[in-house]
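Here's the structure we're looking at; comments come further down.
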Amino acid sequence: MSEQQSTEAVASARVTASVNRKRTGAELGAEEIEAVVADFVAGRIPDYQMSAWLATVACRGMSVAEVHSLTRAYTIGGEALDFSGLDAPVIDKHSTGGVGDTTTLIVVPVVAACGGVVAKMTGRALGFAGGTLDKLESISGLRSYLSADEVVPMLRKVGMVITGQSRNLTPGDGATYALRDVTGTVESVPLIAASIISKKVAVRADGLVLDIKTGAGALIPDRELALELTHTMRDLATSFGLSCRAVLSDMSQPLSPAVGNALEIKQALAVLRGERIPGLSDLCATISRLMLQSVDVDLADADADAKVERVLQDGSAYEMFLRWAVAQGADRQVLEHPERLPSAKLRREIRATGSGWVVGVEPRAIGNATLLVGAGRLRYGAALDYGSGVVLHRRVADRVERGDIVAELHYDSGDVDGAAALIESAFTLGDEVPPVPPAVHQVF
Ligand code: URA
């Protein structure tokens, strides 16, 4: 047996023993977890053994100590960011994602315009849920990935950065995430918590706000489980010394009326220019307030809210977005004339098939409809159609009459009939006006 083969044999025996211990209810030790993750990152154990380990963890759950160890293990060997050259506290936020979740594009410039320094690492769309990185790439010329040593100069120059997440920050998460995506092990509270918080530990901002979604379009739809995820993530972040606030927010219907990459950039620009969108504006106001308070614990709610409202009304949040986007390579003229952003050539109107009150707009159906016209990926690495997507004309608790336009599909190609059918099926009408779901369920 070669030296490499014997190292691999030891690693395989170790991961199998760990699977057996976890399966029979033992608590895994920090060294054991670190060894499994390190072996996988180094390619000493095959995908199928790591999949078994992840699946066992997803089924059996993890203790607080185990999740902490896994989070640390994910960061080992990563290139942490260094903000020590800045003389202001740095703020970060994270959302568990969903449909029409345009919040990052709004709250980052809002908080930066209020004087906060915001460093936001972001990712691509996942399944039916959109990703900020893809939305940014609909702005031609904008550099969506900055290197680690460009981040601090950009923060100094502009006060904010939004950039694609480097896999090098958390090698363990980078290696296991893709495997989880294809082995049904994404929807696990400890695995999600360790994955997200490891990236936040690597960025190590001074203040962090977590936006955990609940409802049909959320990663964890169930309210109780989403609440458990909120507490797990917040406690975990605190145990790593991060100052963390959290919000449990609604994803029972799409958050923004615009769903699709350039459509959501246009929506964000409109909100930054002072337009108020029910749901989206409310959540953005709460997240912005918590972001400011995450690094200024004495800031009263009313004072934070007033600052946020002021920068939206006086144009400084909008100006901040433009300054930042231009600093990362975008053409100011295009952003000042959003009609020059990518736009689909064709439209299909979706009309109400009956009359009544909208009691539901199923977010996964809307998200899946956008995939069918190229706004998201059905195959790994597929190119996107940045102008395509859905514009919703009705939300829950709105009145519709038969034949009213409830949504509009923007497309150039794809399965247009399939997408239109999905959008039609997303709308449920009832005879009584339902309660309007609050954008924010709870703040922690
Ligand atoms: N986003 C992440 O970064 N990790 C998860 O596990 C789920 C969503």
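Indexing begins at 1, ligand by ligand and atom by atom, following the structure's order. FYI, the numbering just counts along the sequence from 1.
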What are the two closest non-hydrogen atoms of S95 and K213, and how far apart are they?
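Nearest heavy atoms, S95 then K213: OG-CE, 3.5 Å.
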Donor-acceptor pair between [X] and [Y] side chains, under 3.5 angstrom:
X    : Y    : value
Q49  : S12  : yes
K135 : T104 : no
Q267 : T102 : no

Around [atom], find the nearest protein heavy atom and jot down its residue, atom name and distance.
atom                   : answer
atom 5 (C) of ligand 1 : Y177 CE1, 3.3 Å
atom 7 (C) of ligand 1 : L219 CD2, 3.6 Å
atom 3 (O) of ligand 1 : K199 NZ, 2.5 Å

Ligand-residue contact atoms, ligand 1 with S195, heavy atoms, under 4.0 Å
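Here the atoms of ligand 1 in question are 2 (C), 3 (O), 4 (N), 5 (C), 6 (O).
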For ligand 1 and D173, I'd like to know whether there is a polar contact (N/O to N/O, distance under 3.5 Å).
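No; the residue has no nitrogen or oxygen that sits under 3.5 Å from a nitrogen or oxygen of the ligand.
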With a cutoff of 4.0 Å, is T96 in contact with ligand 1, counting heavy atoms of the residue only?
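No, T96 has no heavy atom closer than 4.0 Å to ligand 1.
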Without swapping roles, check the side chain of R289 against the backbone of D305 for a donor-acceptor pair under 3.5 Å.
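No; zero donor-acceptor contacts below 3.5 Å.
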